[in-house]
Amino acid sequence: MKRTHWWGRVYLLVVFAVMYTPIVYLMYYSFNSGGAMHDFQSFTLKWYRDVLSDDRLLMIVLNTIVIALLSAAIATILGVMGALAIYYVKQQRAKHVLLALNNVLIVSPDVIIGASFLLLFTIAGIQLGFKSVLLSHIAFSVPIVVLMVLPKLEEMSPTLIDAARDLGAGHWQVLSGVVLPFLAPSIWAGFFMALTYSLDDFAVTFFVTGNGFSTLSVEIYSRARQGISLSINALSTLLFLFTMLLVVGYYVLSQKGGRVYGIGGRK
């Protein structure tokens with residue numbers, strides 16, 4: 001058992017090293033005054049100042065934050081409604097079908113989803129830009145919220161609802177006074193997960209964004225194609241740190257609810 005435990009630790013260290021070494025390398029050279037990804041000369045914040053003084057980039061940051069907050073909020077509302085609808089389905093076969101349909105957007109490749117949304121918006125006559133990005137982010141965030149809320153909903157004891165109804169509570173009072181407070185930690189966790197997915201998404205956004213509108217992920221990709229610039233490192237570092245804060249917030253809220261639920265994500 002000890003030997004297996006030791007090899008397990010080594011395996012985890014190797015996995016984390018492979019995952020985070022490139023990110024640490026990128027962050028390290030974002031402070032290089034030499035302007036290249038080699039031969040670190042001296043510490044500087046020049047590249048961060050360039051990022052923060054770029055008006056166009058700040059507008060893109062604002063677009064990204066607005067899209068993420070709006071899509072996460074709307075997806076959370078729709079996801080909670082969807083989880084409640086699935087929970088109250090009595091037939092197990094129908095419930096399994098609904099869960100399978102809910103998981104399609106999570107397990108499907110990003111390229112397929114992005115191309116599908118592009119065709120849909122083109123046929124529907126929706127101009128590519130803010131509206132198309134917002135709708136697509138809402139669509140792939142809703143299943144995430146459903147998967148965050150539904151397990152917590154399954155844990156809720158039916159006696160809580162029965163007790164509330166015995167005391168004379170109506171449907172809305174039961175929902176607002178019993179069900180939603182019980183689901184609050186998982187609802188917030190779902191909101192943070194949807195927010196993180198929206199901030200990080202590139203593939204789907206790349207398909208549905210139009211001329212004159214961009215998000216941080218698409219902007220970083222566009223700048224990287226133009227050549228090596230340490231401002232990309234600084235911008236990527238800021239985005240990574242902000243995403244990490246959101247993930248930490250998700251785990252804190254999940255643990256506060258008494259259980260952490262992991263989902264197979266699209267990245």
Q. What heavy-atom pair brings S71 and H137 nearest, and what distance separates the two atoms?
A. CB-CB, 3.7 Å

Q) Can you name the nearest heavy-atom pair linking F117 to S136, along with the distance? A) CD1-CB, 3.8 Å

**Q.** Shortest non-hydrogen separation from A234 to V51 and the atoms involved
**A.** CB-CG2, 4.0 Å

Q) Knowing that exactly one of I23, L235, L26 qualifies, which makes a side chain to side chain contact (heavy atoms under 4.5 Å, CB included) with F240? A) I23

Q: Heavy atoms only: give me the nearest A68-L199 pair and the separation to one decimal.
A: CB-CD2, 3.7 Å

Q: Flag yes if more than 12 heavy atoms outside F16 fall under 6.0 Å of its CZ atom; otherwise flag no.
A: no

Q: For the residue pair W188 and F191, categorise the inter-ring angle as parallel (less than 30°), tilted (30 to 60°) or perpendicular (more than 60°).
A: perpendicular

**Q.** L70 and F130, any side-chain heavy atoms less than 4.5 Å apart
**A.** yes

Q) With ring centroids as reference points, do Y221 and F206 lie under 6.0 angstrom apart? A) yes

Q: Examine V218 and V61 and state if one hydrophobic cluster contains both, with Ile, Leu, Val, Met, Phe, Trp and Tyr joined whenever side-chain heavy atoms are less than 4.5 Å apart.
A: no

(Q) Is there a side-chain contact between L128 and V133 in this structure, where contact means two heavy atoms from C-beta onward sitting under 4.5 Å apart? (A) no

Q: Indicate yes or no: at least one non-hydrogen side-chain atom of L147 is less than 4.5 angstrom from one of N103.
A: yes

Q: Kindly indicate whether the side chain of L150, heavy atoms from C-beta on, has any atom under 4.5 Å from the side chain of L99.
A: yes

Q. Any donor-acceptor pair under 3.5 Å linking the side chain of S198 with the backbone of L195?
A. no

(Q) If you compare all heavy atoms of S30 against all heavy atoms of W47, which two are closest, and at what distance to 0.1 Å? (A) O-CD1, 3.3 Å

(Q) A side-chain contact here means heavy atoms from C-beta on lying under 4.5 Å apart; do M148 and V145 qualify? (A) no

Q: Just do the side-chain contact (heavy atoms from CB on, under 4.5 Å) check on L241 and M27 with the steps written out, would you?
A: CA-CA 10 Å; L241 293 177; M27 297 173 66; 4.0 Å; yes

Q) With side chains defined as the heavy atoms from C-beta onward, is the minimum distance between V149 and I187 less than 4.5 Å? A) yes

**Q.** Residue pair L58 / D54, side-chain heavy-atom distance below 4.5 Å
**A.** no

**Q.** Under 3.5 Å: donor-acceptor pair, side chain of S186, backbone of K152
**A.** no

**Q.** N102 side chain reached by L98 side chain, heavy atoms, under 4.5 Å
**A.** no

Q. Taking the six-membered ring for Trp, are Y48 and F31 ring centroids under 6.0 Å apart?
A. yes

Q: I would like to know whether L57 and L216 meet side-chain contact (heavy atoms from CB on, under 4.5 Å); could you show each step before the answer?
A: CA-CA 8 Å; L57 183 59; L216 270 177; 4.1 Å; yes

Q: Could you tell me whether E154 atom CD has more than 12 heavy atoms of other residues or ligands within 6.0 Å of it?
A: yes

**Q.** I67 and F213: CA distance, side-chain angles, deciding distance, side-chain contact (heavy atoms from CB on, under 4.5 Å) verdict
**A.** CA-CA 11 Å; I67 287 288; F213 184 85; 3.9 Å; yes

**Q.** Other ILVMFWY residues reachable from V97 by side-chain steps of under 4.5 Å
**A.** L101

Q: Give a yes or no on whether the backbone of T44 and the side-chain of S33 come within a donor-acceptor separation of less than 3.5 Å.
A: no

Q) Given Y28 and F40, is the ring-ring contact (aromatic ring centres under 6.0 Å, His included) satisfied, shown in steps? A) CA-CA 9 Å; Y28 175 72; F40 192 94; 4.7 Å; yes

Q) Between the side chain of T215 and the main-chain N/O of T64, is any donor-acceptor distance below 3.5 Å? A) no

Q. In this structure, are over 12 heavy atoms from other groups packed under 6.0 Å from Y88 atom OH?
A. yes

Q: For atom CE of M81, decide whether the heavy atoms of other residues, nucleotides or ligands shown that lie under 6.0 angstrom number more than 12.
A: no

Q.
According to a hydrophobic-cluster definition based on side-chain heavy atoms being under 4.5 Å apart (Ile, Leu, Val, Met, Phe, Trp, Tyr only), do L78 and L180 belong together?
A. yes

Q. Are I74 and L84 connected in the hydrophobic side-chain network, where two residues link if heavy atoms are under 4.5 Å apart?
A. yes

Q.
Any side-chain to backbone donor/acceptor pair from S53 onto D50? Under 3.5 Å, distance only.
A. yes

Q. So F207 and V111, side-chain contact (heavy atoms from CB on, under 4.5 Å) or not? Walk me through it.
A. CA-CA 8 Å; F207 277 91; V111 175; 4.0 Å; yes

**Q.** Distance-minimising heavy-atom pair for F182 and M156
**A.** CE2-CB, 3.5 Å

Q | Whether S236 side chain and N233 backbone form a donor-acceptor pair below 3.5 Å | A | no

